[in-house]
There are 2 protein chains.
Amino acid sequence: MRSAEQVSEVFSRRPKRADARRNYETLISAAREAFAEDGVSASLEDIARRAHVGIGTLYRHFPTRQDLFESVYVDEVEALCRTAGDLADQPPWDALAGWLHRFVRYTATKRALAEALNRDSELFRTCRTEVHAAGEPLLRRAQRAGTARTDASFDDVMHLVGGITMIHFAEPGQLERVVGMALNGLRPQPPSSDQESRAASSVASVSSATSVVSR
Amino acid sequence: MRSAEQVSEVFSRRPKRADARRNYETLISAAREAFAEDGVSASLEDIARRAHVGIGTLYRHFPTRQDLFESVYVDEVEALCRTAGDLADQPPWDALAGWLHRFVRYTATKRALAEALNRDSELFRTCRTEVHAAGEPLLRRAQRAGTARTDASFDDVMHLVGGITMIHFAEPGQLERVVGMALNGLRPQPPSSDQESRAASSVASVSSATSVVSR
DNA sequence: AAAGTAGCGGAGGAATGCCTCCGTTTGCAA
DNA sequence: TTGCAAACGGAGGCATTCCTCCGCTACTTT
């Protein structure tokens, strides 16, 4: 909860006047959609059009294209972190699963912006830290409650879910379904007959399952 | 070997006259570089310039932008398949490892073109089949020779190496190094003290190693 | 070596995108 | 309610890209 606000305070300069703030939000949504559809080369005039806003308004809020990229990304990180707080009153497993499903949208945005974002920037590093701070407690809580297996680290889980989203799915619901399968792999496993589990074996068993489904 | 020619025959319409053929090849190389650097929105005039060729020449060979995308992709697939044939006289493990290193360049191209390529197309499916036909025997041969562990399927290996390339590496040689580490994980493992290996455990142990290195 | 044709190059018009500038509108504080 | 600073919209100039068209070049064939 605190972490989401922290990112806001550091990075995003939301305007204070009501109309300006409304336009700012609308523009970010429009940009996120446009980038997802057309990639980073989406036209700025098109984004302004989608937001029902003049091109001048876009440029006032985001003087450079890079500003817009970063604002969309930060906005997505903020929303993801906020979701973690919102889920705090859910049962441990539901909170974790809900958050990871939300995480999928984040990775989609991140992937669309990948070629534009500088991954060594201060901003990028801070965002990663914030995401970790928001999500890691959810995993730990589920593990302590006995509803998530304890041999998976947060980093493992990020790679597991993040890797799935790298695959391009044709069918609409397929991605969610596969993520669901992956989450199944995170549940505590009944002790198998011939071996006990090592750190990354949950990741292994699930990712081999997904590779059957699609590629 | 036969498979590479098969793709050629089906898809790529290489011109027969010497100068035309030379320009065709040069254009494809230039396009591959340009797409890798600037993404799918690279300028066609820039590509013609890189190839030291008039813009008209580019348009004669590739009437639409999509034609160029597909030709670059098919060319990369052909080259990859041909490499498999060229490596046939190497020792089994060297052949497999060499091919997988070559495979990395293929995935880089594929990633750059990802948003432009229709993954359900006839062309795309055929290419996948050809890649499989070219690479799978290399894996089987190394496995029969006892130099690659037998509990990894070809699909597992593709996901392993393909997944690594999805990570964006800052350092130049880092990708190759990490692929090298991954290949190490493909070697037959000394029987571990507390358990024997299951189908995907090679993938697991290596991917957990890479996640330490970078993300 | 001569002819015929496939191939080449690039000028240029249409379209689109980028970004600035400024006259008009509107939210908000007093 | 009123005044004004903040925000808006979009016309327009410049740059870039796309793509066609056609006069010229040079490869191949006989």
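Every chain is numbered from 1, with letters handed out A, B, ... down the list of sequences. Keep in mind that this is a model prediction, so the values were computed, not measured.
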- Query: Is any side-chain nitrogen or oxygen of Lys16(A) closer than 4.0 Å to OP1 or OP2 of dG27(C)?
  - Reply: no
- Reckon His61(A) has a side-chain N or O less than 4.0 Å from the OP1 or OP2 of dA7(D)? no
Base, sugar-phosphate alone, or nothing: which one does Asp46(A) contact when heavy atoms must sit under 4.0 Å apart? nothing
Result for 5'-nearest mapping on DNA chain C, choosing between Arg22(A) and Ala20(B), is Ala20(B)
In whole angstroms, the gap separating C1' of dA7(D) from CZ of Arg14(A) amounts to 18 Å
query = Checking all strands, does Ile55(B) fall into the base, sugar-phosphate, or nothing category for heavy-atom contacts under 4.0 angstrom?
reply = base
Walking DNA chain D from its 5' end, the first of Leu44(B) and Val53(A) to be reached, judged by nearest nucleotide, is Val53(A)
Check your understanding: Is Ser43(B) near enough to dC18(D) that one of its side-chain N or O atoms lies under 4.0 angstrom from OP1 or OP2?
Key -> yes
Whole-Å distance, Tyr24(A) OH to dG9(D) P, equals 17 Å
Ranking Arg60(A) and Glu45(A) by the position along DNA chain D of their nearest nucleotide, the one closer to 5' is Arg60(A)
For Arg49(A), is there an ion pair with Asp46(A) - N to carboxylate O distance below 4.0 angstrom? yes
Is the phosphate of dG9(C) approached by Thr57(B) (side-chain N or O, under 4.0 Å from OP1 or OP2)? yes
Between CG of Asp38(B) and P of dT16(D) the distance, given in whole Å, is 14 Å
Determine whether any donor atom in the side chain of Arg17(A) lies under 3.5 Å from an acceptor atom in the base of dA6(D), or the reverse, and answer yes or no.
-> yes
**Request:** May I ask you to say what Arg65(A) touches in the nucleic acid, namely base, sugar-phosphate or nothing, with a heavy-atom cut-off under 4.0 Å?
**Result:** sugar-phosphate
Does any non-hydrogen side-chain atom of Met158(B) lie less than 4.5 Å from one of Leu100(B)? yes
From CD1 of Ile47(A) across to C1' of dT16(C) the rounded distance in Å is 15 Å
In terms of the angle between their ring planes, are His61(A) and Tyr24(A) parallel, tilted or perpendicular, with boundaries placed at 30° and 60°? perpendicular
Original post:
Parallel, tilted or perpendicular: which fits the ring planes of Phe35(A) and Phe69(A), with parallel below 30° and perpendicular above 60°?
Top reply: tilted
ask   = Going by atom types only, do Asp67(A) and Thr64(A) share a side-chain donor-acceptor pair under 3.5 Å?
value = yes
To the nearest angstrom, the CD-P distance between Gln66(B) and dC19(D) comes to 12 Å
The nucleotide from dC27(D), dA7(D), dC19(D) with an atom nearest the side chain of Pro15(A) is dA7(D)
Atom CG of Leu58(A) and atom P of dT20(C) are separated, to the nearest Å, by 12 Å
Atom OH of Tyr59(B) and atom P of dC19(D) are separated, to the nearest Å, by 4 Å
note: Arg49(A), atom CZ; dG9(D), atom C1'; distance rounded to Å ~ 14 Å
Under 4.0 Å between a side-chain N or O of Asn23(A) and OP1 or OP2 of dA7(D)? no
Checklist entry - Does the pair Arg21(A)/Glu25(A) count as a salt bridge with the N-to-O cut at 4.0 Å? => result yes
